[in-house]
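Reminder, nothing fancy here: chain letters follow the sequence lines and each chain counts from 1.
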Amino acid sequence: MPELPEAETIARSLAPLVEGRRVLNAEFPGRRVLRGSVPELAGRVIRAVERHGKRILLTLDEGALLVSLGMTGALLVDTGPGAYTRAVLTLEGRLLLFDDIRQFGNIRYLAEGDDSLGPDPLEISAAKFLARLRERRTRIKPLLLNQAFLRGIGNIYADEALHRAGIHPQRAAASLSKLRAERLHTAIVDLLREAIAHRGSSVSDYVDAKGERGGFQLLHRVYRKQGQPCPACGTPIRRIVLAQRGTHFCPQCQR
DNA sequence: CTTAATGTTCCCCA
DNA sequence: TTGGGGAACATTAA
């Protein structure tokens, strides 16, 4: 469900609804939702809601909650708890729910900052991006999915960015020319900004904190478009499996 | 019944 | 040491 544009949309929709509010009670009906130990949350105040890669960071007056949305996680405000509600935070005047059908998502408490992720793709410079590519020996698509390399890109935007940049997903990352690497950097930035402007991609069940769907799925060029003509050249889009993920590309434009 | 799905982690092996 | 491959996690939809 969530990659960077979706997480950004969730954070923006959620922030004005919960920032500054005190937690009155916290319950976790989902047995497997909590990771690590979580201290008493009642009495804490939510100071800020921000995107952290493809995750959502709820900064409290002491510590923070890091919400990983997994494939099907959603943060919803003032809806009734349902069969897939895994966490319930009762706030002053609002109810914040974490719903997650497949339960790949989780919530962990951070006492301090989290430095386990790579740079944000919207903030890294082209020069630094190039330098980081050059020190890796893996193929470009799995590298883009690696959150320690860049935070926030997932399967949809990896495929879409590589198509825009004209790069084959199995291409060795370090073998990209300077020009190609810069083209990829530009493609990533443009793509993510456009997707955010369209409030993310609702391919299956992604919704923001108000339950609203995104619209960027209508502008996808290759993701899950196998057999359909490439919008650039008309060649049928191909689907392969790479790193256990469906991978969609144009065999003509991406070499 | 089979396959695939916006994700991550862990284990084994080269 | 790095990273690739595969399995696992849990659930729904086509």
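- Taking only side-chain nitrogens and oxygens, A:Arg245 never comes nearer than 4.0 Å to OP1 or OP2 of B:dT8.
- Electrostatic pairing of A:Lys141 and A:Asp159 counts as a salt bridge here, judged by a charged N lying under 4.0 Å from a carboxylate O.
- Between A:Arg51 and the options A:Glu6, A:Glu3, A:Glu8, a salt bridge (Lys or Arg N to Asp or Glu O under 4.0 Å) holds for only A:Glu8.
- Per the geometry, CD belonging to A:Gln103 stands 17 Å off P belonging to B:dT9, to the nearest Å.
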**Message:** Give the dot-bracket line for DNA chain B from 5' end to 3' end: parentheses for intra-strand Watson-Crick or G-U pairs under 3.5 Å, square brackets for crossings, | for inter-strand pairing, dots for unpaired.
**Reply:** .||||.||||||||
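- Across all strands shown, A:Arg239 has heavy atoms under 4.0 Å from sugar-phosphate atoms exclusively, and none from any base.
- Within the 4.0 angstrom heavy-atom criterion, only backbone atoms of the sugar-phosphate kind lie near A:Arg55; the bases stay farther away.
- Donor-acceptor pairing under 3.5 Å is lacking for the side chains of A:Asp208 and A:Thr9.
- Summarising the geometry, the separation between CZ on A:Arg108 and P on B:dG7 is reported as 17 Å, rounded to the nearest angstrom.
- If you walk DNA chain C from 5' to 3' and mark each nucleotide with an atom closer than 4.0 Å to a heavy atom of chain A, the marks span C:dT2 to C:dT12.
- Going from atom CG of A:Asn155 over to atom P of B:dA4 covers 13 Å, rounded to whole Å.
- A heavy-atom distance below 4.5 Å is found between the side chains of A:Leu4 and A:Asp120.
- The six-membered or imidazole ring of A:Phe249 lies away from that of A:His163, with a centre-to-centre distance of 6.0 Å or more.
- Here the P atom of nucleotide B:dA4 and the CG atom of A:Asp205 are 19 Å apart, to the nearest Å.
- Each of A:Gln244 and A:Ser202 lies near DNA chain B, and the nucleotide nearest A:Ser202 is the one positioned closer to the 5' end.
- Within the 4.0 angstrom heavy-atom criterion, no nucleotide atom of any strand lies near A:Tyr157.
- Counting non-hydrogen atoms of neighbouring residues, nucleotides and ligands closer than 6.0 angstrom, the CZ atom of A:Arg21 exceeds 12 such neighbours.
- A:Val77 is not listed as a side-chain neighbour of A:Lys210, based on a closest heavy-atom distance of 4.5 Å or more.
- The same atom, P, is picked in C:dT1 and in B:dT8; the two are 25 Å apart, to the nearest Å.
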